[in-house]
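Single-structure report; data block below.
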Amino acid sequence: MILGGSRGAGRERGARARRRGVALAAAVAVLLALSACTVSAPAARRPSHPPKPHATQTPRALPTATSTPTPVGFDKSAHSVDDPNSIWVVVNKARPLNPIDYTPPTLVYPDVTYVNRQPMRPEVADALVAMFKAGKAEAGLDFSVQSAYRSFESQTRVYNDDVAQHGQAYADTDTARPGHSEHQTGLAVDISAVPAKCSLDACFGTTLQGAWLSANSWKFGFILRYAEITAPITGFTYEPWHFRYVGVPLANELHAERVNTLEEFFGVPGGTEYH
């Protein structure tokens with residue numbers, strides 16, 4: 001009984017061992033199969049699509065301020081300062097007219113009030129009429145022409161009369177010698193008040209007309225040629241009645257730059273001595 005039982009138990013143990021071996025072999029086979037699938041099976045590939053082109057962003061131009069053209073400097077060569085026909089001619093004790101007996105080619109009489117009926121160049125006449133009208137409209141002031149163009153011969157008489165009355169030294173401070181006078185160019189006008197007050201006198205600068213002209217004449221192309229502080233440069237004493245036409249561009253430039261004389265602006269000789 002015991003031996004038989006032992007043999008049965010041994011057979012049972014052998015069967016269990018064989019079953020475990022079979023199960024183990026089967027498990028190994030499964031693992032090997034899975035490994036083979038993992039190694040040999042190609043990885044699933046995603047559908048191949050051409051890469052989407054990236055939109056290239058064109059840099060946006062930054063807004064820029066429109067550059068303001070650099071203002072061109074005032075052209076001092078636009079007109080001659082030597083030619084007596086030029087509205088910029090500079091005539092003084094050091095710079096006589098050339099020719100010395102120069103006569104403007106055209107002279108006219110504008111429709112204004114006169115003390116002495118004397119002509120002037122056309123461009124001066126037009127500007128003078130406009131200035132007188134503005135003075136009337138803006139300030140209720142009236143003006144008259146005391147004197148304008150004087151010929152070489154006429155200036156000779158005026159100068160000689162001044163010398164006879166006051167002597168040459170005095171005359172040379174307030175009356176130009178013939179050939180050195182702005183009146184001979186047809187570009188200068190002596191202006192008086194209406195009714196007359198301080199005519200051809202320094203006190204004209206204190207009259208309403210004198211003050212208005214001093215403040216506004218540049219707008220019409222005129223300059224007060226002989227100011228109080230400029231005698232050493234221009235060679236002549238203060239004449240608040242003497243206005244010289246140079247044209248609106250130059251008159252505006254002189255006013256803006258606060259330059260009192262043509263001599264300083266153009267860098268030409270002046271002074272109190274005749275040459």
Side-chain angles (χ1 to χ4, degrees), residues 87 91-92 104 107-151 154-155 157-159 161-162 165-166 170-171 173-176 181-231 234-248 250-252 254-255 258-262:
I87 60 172
V91 54
N92 55 36
L107 294 165
V108 299
Y109 293 87
D111 185 16
V112 295
T113 302
Y114 293 86
V115 175
N116 296 300
R117 185 173 171 80
Q118 295 177 343
M120 59 198 72
R121 284 165 55 166
E123 57 267 56
V124 183
D126 292 342
L128 188 75
V129 169
M131 185 165 68
F132 282 8
K133 285 182 177 179
K136 182 67 172 179
E138 294 175 12
L141 299 174
D142 292 305
F143 308 87
S144 64
V145 172
Q146 183 76 32
S147 59
Y149 168 71
R150 291 198 290 263
S151 66
S154 178
Q155 188 66 28
R157 290 192 297 271
V158 170
Y159 177 75
D161 287 346
D162 200 4
Q165 292 182 43
H166 304 104
Y170 179 86
T173 66
D174 68 350
T175 302
S181 173
E182 288 198 326
H183 285 284
Q184 196 176 322
T185 67
L187 297 169
V189 182
D190 291 342
I191 300 173
S192 295
V194 176
K197 183 179 180 181
C198 293
S199 300
L200 301 180
D201 195 288
C203 66
F204 179 72
T206 66
T207 66
L208 293 175
Q209 284 86 348
W212 188 91
L213 289 168
S214 179
N216 295 281
S217 60
W218 62 273
K219 300 173 185 176
F220 303 91
F222 291 92
I223 61 171
L224 177 60
R225 183 67 171 105
Y226 304 125
E228 278 189 279
I229 62 173
T230 61
T234 63
F236 294 100
T237 54
Y238 178 44
E239 293 188 1
W241 61 86
H242 181 106
F243 289 86
R244 160 68 192 275
Y245 182 78
V246 294
V248 171
L250 178 54
N252 286 355
L254 292 168
H255 178 77
R258 300 183 183 277
V259 179
N260 293 313
T261 70
L262 298 175

### Task
Taking the side chain as every heavy atom from C-beta outward, state whether Leu224 and Leu213 have any pair of such atoms under 4.5 Å apart.
no
### Message
Do Leu141 and Lys136 make a side-chain contact, defined as non-hydrogen atoms from C-beta onward lying under 4.5 Å apart?
### Response
no
### Task
Using atom types as modelled and distance alone, determine if a side-chain donor or acceptor of Glu239 lies under 3.5 Å from a backbone N or O of Arg225.
no
### Beyond-backbone contact of Thr234 with Thr261, side-chain heavy atoms, under 4.5 angstrom
yes
#### Entry: Backbone N/O of Ala176 and side chain of Gln155: donor-acceptor pair under 3.5 Å
yes
### Message
Donor-acceptor check, side chain of Ser199 to backbone of Ala196, threshold 3.5 angstrom: yes or no?
### Response
no
#### Entry: Heavy-atom side-chain contact between Val248 and Lys219 under 4.5 Å
no
### Query
Among Gln118, Gln146, His242, whose side chain to side chain donor-acceptor pair (under 3.5 Å) with Asp190 holds?
His242
### Query
Heavy atoms, side chains only, cut-off 4.5 Å: are His255 and Asn252 in contact?
no
### Query
Under 3.5 Å, side chain of Thr230 to main-chain N/O of Tyr226, donor-acceptor pair present?
no
### Message
Could you check whether any side-chain heavy atom of Asp162 comes within less than 4.5 Å of a side-chain heavy atom of Asp174, counting everything from C-beta outward?
### Response
yes
### Asn92 CG to Ser181 OG distance, which is reported to the nearest 0.5 Å
11.5 Å
### Query
Could you walk me through whether Ile191 and Gln209 pass the side chain to side chain contact (heavy atoms under 4.5 Å, CB included) check?
CA-CA 9 Å; Ile191 300 173; Gln209 284 86 348; over 6 Å; no
### Query
In terms of ring plane angle, is the pair Phe132 and Phe143 parallel, tilted or perpendicular, where the classes change at 30° and 60°?
parallel
### Task
Determine whether Tyr114 and Ser144 make a side-chain contact, defined as any pair of heavy atoms from C-beta on separated by less than 4.5 Å.
no
### Query
With a cut-off of under 6.0 Å to the ring centre and 45° to the axis, is Arg244 in cation-pi contact with Phe222?
no
### Message
Quick check: do Ile223 and Leu262 have side-chain heavy atoms less than 4.5 Å from each other?
### Response
yes
